[in-house]
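All remarks here apply to the structure that follows.
It should be emphasised that the depicted structure is a prediction, and the values quoted were computed from it without experimental measurement.
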Amino acid sequence: MCARVEAERVSFALKLTNQGRAASTVKIRLEYVRATEFHPCPKASSTHSLSIPAGRTVITDPGQCTVPREEAPAAYQGAGWVLAENANAGSYELSPTANVYLDRVIWKPDLVEASPTKSPAQVGVLGG
């Protein structure tokens, strides 16, 4: 589950990796949480199928789950479900919480600082 906070918007995406030798189809659902309330993503369909090629990583389009950044302080999280193709129920994972203020963002849990072997871009949140 991934989240990104920008000057005018907050975006969410799912990052899925297929470590198998064959393509895999799963059912996914993406929502966001603002101030402890779940909301559907503005441009994402509800639960739908996604095919992931063997040995590949797929990141859903963050543009499908982007909301305007509020002027009042608010806490945001992405919520993502990944289910077997034939499943009808499952649990969700949450992104780190972005506590968004006009002049700053505080992530909980705190983001790990970049290591000497990884650039800050490789440690960013919207990479999952």
Side-chain angles (χ1 to χ4, degrees):
M1 199 54 244
C2 309
R4 174 181 285 161
V5 177
E6 299 175 280
E8 296 181 5
R9 68 190 63 82
V10 182
S11 304
F12 307 96
L14 283 168
K15 179 180 179 181
L16 304 145
T17 300
N18 179 355
Q19 296 178 343
R21 294 182 179 190
S24 179
T25 299
V26 295
K27 284 198 269 189
I28 64 169
R29 181 174 175 171
L30 181 61
E31 294 186 3
Y32 71 98
V33 182
R34 184 179 63 227
T36 70
E37 291 186 29
F38 283 73
H39 302 275
C41 292
K43 296 181 181 177
S45 58
S46 57
T47 304
H48 61 281
S49 294
L50 178 68
S51 182
I52 307 165
R56 301 292 303 263
T57 297
V58 173
I59 298 174
T60 60
D61 178 7
Q64 292 185 353
C65 196
T66 297
V67 295
R69 187 171 164 169
E70 305 264 333
E71 287 198 23
Y76 296 89
Q77 286 182 287
W81 291 258
V82 179
L83 310 171
E85 186 175 23
N86 59 353
N88 291 319
S91 59
Y92 59 86
E93 293 288 328
L94 295 170
S95 70
T97 302
N99 295 288
V100 180
Y101 301 88
L102 281 176
D103 60 342
R104 68 191 182 285
V105 177
I106 299 172
W107 292 94
K108 296 291 180 183
D110 293 335
L111 294 179
V112 177
E113 292 186 29
S115 72
T117 60
K118 289 187 176 181
S119 72
Q122 291 173 308
V123 181
V125 175
L126 191 61

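Residue M1 is tested with V82, L14, L94 for a side chain to side chain contact (heavy atoms under 4.5 Å, CB included); the sole match is L14.
Taking hydrophobic clusters as Ile, Leu, Val, Met, Phe, Trp and Tyr residues chained together by side-chain heavy-atom distances below 4.5 Å, Y32 shares a cluster with V100. Y92 and I28 are not part of a single hydrophobic cluster, where members link through side-chain heavy atoms under 4.5 Å apart.
N18 contributes atom CG, which lies 9.5 Å from atom OG1 of T25 (distance to the nearest 0.5 angstrom). For the atom pair CG (L50) and CG (L30), the distance works out to 11.5 Å, reported to the nearest 0.5 Å. Taking CD from Q77 and OG1 from T97, the interatomic distance works out to 3.0 Å, rounded to the nearest 0.5 Å. The distance from atom CG of N99 to atom CH2 of W107, rounded to the nearest 0.5 Å, is 9.5 Å. Atom CZ of residue R29 and atom CG of residue L83 lie 9.5 Å apart, to the nearest 0.5 angstrom. The line from NZ of K43 to SG of C65 is 11.0 Å long, rounded to the nearest 0.5 Å.
Under the salt bridge (charged side-chain N to carboxylate O under 4.0 Å, His left out) criterion, E93 pairs with no residue, sequence neighbours left out. When the salt bridge (charged side-chain N to carboxylate O under 4.0 Å, His left out) test is applied to R69, no partner is found at least two apart in sequence or on another chain. Residues satisfying the side chain to side chain contact (heavy atoms under 4.5 Å, CB included) criterion with A35, sequence neighbours excluded, are absent altogether. For E85, there are no salt bridge (charged side-chain N to carboxylate O under 4.0 Å, His left out) partners at least two apart in sequence or on another chain.
Side-chain contact between P42 and T66: absent, with no pair of heavy atoms (C-beta onward) separated by less than 4.5 Å.
Applying the side chain to side chain donor-acceptor pair (under 3.5 Å) rule to pairs touching residues 46-60 yields T17-T57, S45-H48, sequence neighbours excluded.
The aromatic rings of F12 and Y76 sit tilted, their planes meeting at an angle between 30° and 60°.
In the hydrophobic clustering (ILVMFWY side chains linked at under 4.5 Å, chained through shared members), Y101 is joined by I106.
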